[in-house]
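Let me begin by presenting the structure, written as structure tokens, before commenting on it.
Naming: A, B, ... by sequence-line order, numbering from 1 per chain.
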Amino acid sequence: MEINFKGIEKKWQKRWAEAKIFETGDDDPREKFYVLEMFPYPSGSGLHMGHAWNYTIGDILARFKIMSGFNVIHPMGYDALGLPAENAAIEAGEHPEDYNKKSIANYIKQQKALGLSYDWSRMISTDDPKFYRWDQWIFLKMFEKGLAYQKESAVNWCPECNTVLANEQVHDGNCWRHEDSSVEVKHLKQWFFKITDYADELYEGLNDIDWPETTKTMQRNWIGKSYGTEIMLEVEGGEKGNVVIVHGSQFLNANSDKGYFEPNEQPWMLWIKNKIEDRIKVDIPLMPNYNNPVYEDWKNEFEKLGVNENTILIGHSLGCAFLVRWLGETKTKIKKLILIAPAKKCVLKYYNEKAEVFYDFKIDKDIKKNISEIIIFTTNNDYEEIMQGSKLYNEELGGELIELKNHGHFIKKHMGTNEFPELLDKIIGSQTWPIFTTRPDTLFGVTFMVVSAQHQKLMDLVKDSEREKVEEFLKGLGSVSEKELGDMEKKGVFSGSYAVNPINGERIPVYVGNFVVADYGSGMVMGVPAHDKRDFEFARKYGIDVKEVVKGGDISKEAYVDSGDLVNSGDFNGMNNNEAKERITQHLESKGLGKKVVNFKLRDWGISRQRYWGTPIPIIHCKDCGAVPVPEDEFPVKLPRKVKFGDGNPLLTNEKWVNVKCPKCGKKAKRETDTMDTFVNSSWYFLRFCDPNNDESIFDSEKVKSWCPVDRYVGGQEHACMHLIYSRFYVKFLRDLGMFDFGEPFASLFHQGMLHAEDGSKMSKSKGNVVLPESVSDKYGIDTARFFLSSLASPDKDIDWSERGIIGSLRFVKRIFGVFDSVKIDKDSAKLESKVNEVVRNVSKYYDEFLYRKATIEIRELFDLIASEKEASMDTLEKFLKLLSPICPHISEELWEKLGNKVFVSDFSWPEFDESKIEKKSEMMDLNGKIIERVKGILKKGTKKVYVYVMPFEREGVDVGRIGAEIEREVEVFTVNDSEKIDPKNMAKKAKPGMPSVYLE
RNA sequence: GUGGGGAUGCCGGAGUGGCCAAACGGGCUGGACUUAAGAUCCAGUGGCAUCUUUGCCUACGGGGGUUCGAAUCCUCCUCCCCACACCA
């Protein structure tokens, strides 16, 4: 029999379209159901059978739901913006806009030929400015809320794509699109979306959605929530440069015995020098004629010393005036300026006149631009003029003004102590680093720290003496790509700095390491070699101490990472380490040195792409006003058509587009030429389907509220950590804007398997193994293909195309036509009636759960019965077609019409079933009868007693009296698991449910 | 390494305590139809025995266990796939 599949398909597709049966109204009282397949990037090469299958999976469900009486929204659109489209267009020598229009048109044609139940009136395409203007609107809202921001950062650069990639788009150090281009690290200013603000909700929200466990796990791993303790750690800065202390005038009586010191030998000066000179050079020059100072003389003397941008200058009293004057004159850049009791005029009457001249200068406010830190020390009991001087300097120069108690004029006579720790702090500038750890219990076992080699503040930690070694180390890493970095062995180099363990005050060396991630936690980790594998290796390699703090393993051989009791841990000794985690954290917390924190692996989403075919970022860069958003009434910022493709960002080549006026100040400014990552479009397109033609707003909230969230979302698992996280983020953001009230876009998610080519490999144009739906449709009919693919395996599994296999389905389809021609329409046999009810019941469930394969099996079974009975009721034949129609809509429609129906089967109600009509399988129908029959069959004359063995659940139904009467023997019944049973021949084992076993005595 | 999923007949793939030598399909074998091929239809498809009935043996990656009873539950092992991969 030959069937004109093409004709049938065309006929019904046309009729469905004319009757608009798949167009969905917004105000339908029926319960809504949103079925969505991930919208495709419309590739120029069109869709192959694998794509067709993806849409079919959703289509079968949508059709089932339509028939089941739901108000089904089942839309389709095109993810047309993006790099691949741009590249394909360039390769084809066409403008992306034109190229894409053609691709989309081709896609639509192909999809329509598949007979998919889309509501084409809702179609959207992301390259339409009417669509992407709302990308820009969302960007603006993000910008307003501080969730869109720019930062200079190390980014993943794909040389193939000529653009930056998001973290999610880098796999194994390679671009997700170009398996053999290794991603480079570049430093660029980029736009980011602050997805991390939603990290916790993205993580926790996974508990409430019906998604495949694997995908949820992947997202959980990606977001990477971990609970731990943040420990505040003091790290001595790596000093570099030098310190110069310029003393004041010597005005005290030279004869006073205890009060007398040379001006450059004030005890605190010597104390400081002594404290730090092994780490940093300290000069305390004795200035000429200090009792009769002449500025020029001091200047000459002072300039003999090296002063550069790494110098810390410390002045005391008159010395301060000298330094400020000198800095104002010379505009020298220095690191820090510390003024101690600075004077702006002479404080003692008998003081030399020349000193007055010394103070005769104006404080140059601009010097603060050349100094990264200015600190002024004053006290409460200095000379009045000096205290005022401190304030004056502070007013003019800014910086920090520190008032100490009872330090007089900071000379021996007044201070009462030789020590000046406050100053020491300011010189060494010890830094506080928060350290994240999940093992605060091992804090006593810390023997080193490692800071990331990529850390921005790394050099602040490196001491001069180690600088060369560190730089060499960094150089060694610099030539390595991101990918190799992953495989590299853990290496480190000593930074020269030490951290202080807050729990016991121990000094811990800080290393620079290649294995510490710079932007996780604070980029510095504590090393506990005794209880962490990696730390153990590191310590072994560099001869660092391994200090056991948790008992349980042999730390001379390997790190012990399991639990145990604490040792070498001060007050916490003997405590179980799990308890110690809490207690040590509490202890730190009480001292303000630590707290419980949650940390995430998730990073902000870098959305800048240096390419043309994307949504323009609606920002204008102005020299004076900075990044200024394009006003909403100027939206959309359309992509200019005229650009040159070649090297670099094409948008830069349209100067007219780039050069604009600043919306704020009206001066000349430039447009942002980065475009947005293509994933911004797919992050919310499913919302737009609810109101696709709205030009007034992104969508009508009421419509979105009535349709969303998506009830069943069908798409590939490869988007687990990209599209599916971004969409969740967008939805949460839009919800927080008050657009709607749900927080998750996709209530349930289904990942389809991939359709491979006949040889089991991926279908690809280059391999020449692509199966095209058109040719399949010509040869076998699209319904046959749908049935075949449905029957292969459950749709979440990968399957292989098979020309031979589809013949089996073709055979089935042809048989259907044959049987429908010949079957006598009358009434059902009891068997058929039971079967049809059973199949309706089961298939309904199967469709709802994507168990299409099982559906095809039962449909076949029902069909086989109809065929063998040769007679069936009209009702049964109709039910059969209804059951078949989600998978084979065209031929079902055709046969439905042949039965004399005028309405569409696709739009008809789903069949119901009657549970009571389904024959119960002979389950213990007459257990006693069976026993009697069986015993009678083997009964011998000499048999005296009969033992019967039944299943425990059958025991109650056994009528010993009746059996005994029938067989005229003594009967004893045992359950098969009765340990006291009499069973010499081990017959109990042979018993099966419904089939007891028997032993004759 | 971590997390997830697997391993069933010639093949794809059901089955998740008893009705399982294992659904359904493909393939293969035989038969019907035909001059023949294709298509279609029927039957068979672990082994041995047997008159249909039926019995026994060997089988669901490998070992061990729980149970009256295991493809199905537990445990260890092997192998395969997928994802994340130095996240402290």
Side-chain angles (χ1 to χ4, degrees), chain A residues 1-2 171-173 212-226 228-229 435-440 442 449-450 452 485-490 513-528 531-535 537-538 599-603 717-718 720-721 751 760 787-788 790-794 796-800 802 804-812 814-815 818 851 853-861 864 867-868 921-924 937 949-954 974-979 981 983 986-995 997:
Chain A
M1 183 194 305
E2 286 310 316
H171 299 286
D172 275 340
E213 219 33 66
T214 50
T215 302
K216 292 209 259 186
T217 306
M218 279 167 70
Q219 289 210 356
R220 286 195 186 103
N221 289 342
W222 187 261
I223 298 167
K225 185 177 186 176
S226 54
T229 302
I435 304 294
F436 180 72
T437 180
T438 53
R439 293 294 304 272
T442 62
M449 309 292 301
V450 189
S452 168
L485 213 66
D487 310 326
M488 261 171 68
E489 67 170 318
K490 295 154 203 30
N514 66 346
F515 60 94
V516 177
V517 178
D519 52 0
Y520 182 75
S522 62
M524 191 191 281
V525 298
M526 61 185 220
V528 186
H531 306 290
D532 181 278
K533 245 180 121 177
R534 197 180 39 212
D535 295 347
E537 277 173 43
F538 192 84
N599 229 322
F600 295 95
K601 283 204 284 187
L602 187 72
R603 311 291 150 79
Q717 197 179 15
E718 66 273 18
C721 291
H751 293 310
F787 190 86
F788 167 60
S790 298
S791 70
L792 269 181
S794 90
D796 56 336
K797 297 243 166 80
D798 287 356
I799 49 179
D800 297 344
S802 159
R804 276 191 148 176
I806 193 172
I807 287 174
S809 296
L810 182 62
R811 227 175 263 160
F812 176 64
K814 286 183 175 179
R815 274 181 70 209
L851 299 170
R853 189 186 142 73
K854 291 189 180 180
T856 66
I857 289 164
E858 298 229 7
I859 288 170
R860 270 182 189 268
E861 283 176 9
D864 284 344
S868 65
K921 285 191 184 129
S922 61
E923 50 179 74
M924 58 156 108
Y949 310 96
V950 297
M951 291 295 126
F953 56 86
E954 290 172 328
F974 295 105
T975 60
V976 103
N977 60 343
D978 184 347
S979 56
K981 65 180 179 289
D983 184 14
N986 224 355
M987 292 303 287
K989 267 195 175 171
K990 312 253 154 132
K992 286 175 181 171
M995 186 45 73
S997 58

[atom1]-based separation of [M] from [N] [nearest Å]:
N	M	atom1	answer
U8(B)	C24(B)	C1'	15 Å
G6(B)	C74(B)	P	13 Å
U78(B)	G69(B)	C1'	28 Å
C60(B)	G65(B)	P	16 Å
C42(B)	C33(B)	P	15 Å
G9(B)	C20(B)	C1'	13 Å
C11(B)	C28(B)	P	15 Å

Pairing of D519(A) and R603(A) as salt bridge, 4.0 angstrom limit: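 R603(A) and D519(A): salt-bridged.
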
Regarding [N], can its base be found pairing with the side chain of [X] as donor and acceptor, where the two atoms are less than 3.5 Å apart?
X	N	value
R603(A)	C87(B)	yes
R815(A)	A39(B)	no
R439(A)	A88(B)	no

Runs of at least three Watson-Crick or G-U pairs with RNA chain B, cut-off 3.5 Å: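 If one scans RNA chain B for consecutive Watson-Crick or G-U pairs, the stems found are B:1-7 with B:78-84, B:10-12 with B:24-26, B:27-32 with B:40-45, B:46-49 with B:54-57, B:61-65 with B:73-77.
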
[X], nearest nucleotide to its side chain (from [options]):
X	options	value
V976(A)	C41(B), A14(B), G18(B)	G18(B)
R860(A)	C24(B), G3(B), G27(B)	C24(B)
V516(A)	G13(B), A88(B), C87(B)	A88(B)
V517(A)	G4(B), C87(B), G18(B)	C87(B)

Mutual orientation of the aromatic rings belonging to F974(A) and Y949(A) [parallel < 30°, tilted 30-60°, perpendicular > 60°]: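 Plane angle under 30°, so parallel.
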
Non-hydrogen side-chain atoms of D864(A) and R815(A) separated by less than 4.5 Å: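 Side chain of D864(A) against side chain of R815(A), heavy atoms only: contact under 4.5 Å found.
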
Heavy-atom side-chain contact between T215(A) and Q717(A) under 4.5 Å: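 The answer is yes; the side chains approach within 4.5 Å.
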
Earlier contact from the 5' end, RNA chain B, for F600(A) and G808(A):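 Here G808(A) is the residue nearer the 5' end.
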
Check whether any side-chain N or O of [X] sits under 4.0 Å from OP1 or OP2 of [N], and answer yes or no.
X	N	result
Y949(A)	C68(B)	no
R220(A)	A83(B)	no
S226(A)	A88(B)	yes
K216(A)	G5(B)	no
K854(A)	G15(B)	yes

Sugar-phosphate, base or nothing in reach of E213(A), heavy atoms under 4.0 Å: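 Since no nucleic acid heavy atom lies under 4.0 Å of E213(A), the category is nothing.
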
R853(A) side-chain N/O to S790(A) backbone N/O, donor-acceptor pair under 3.5 Å: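 Flag not set: sc R853(A) to bb S790(A) has no pair under 3.5 Å.
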
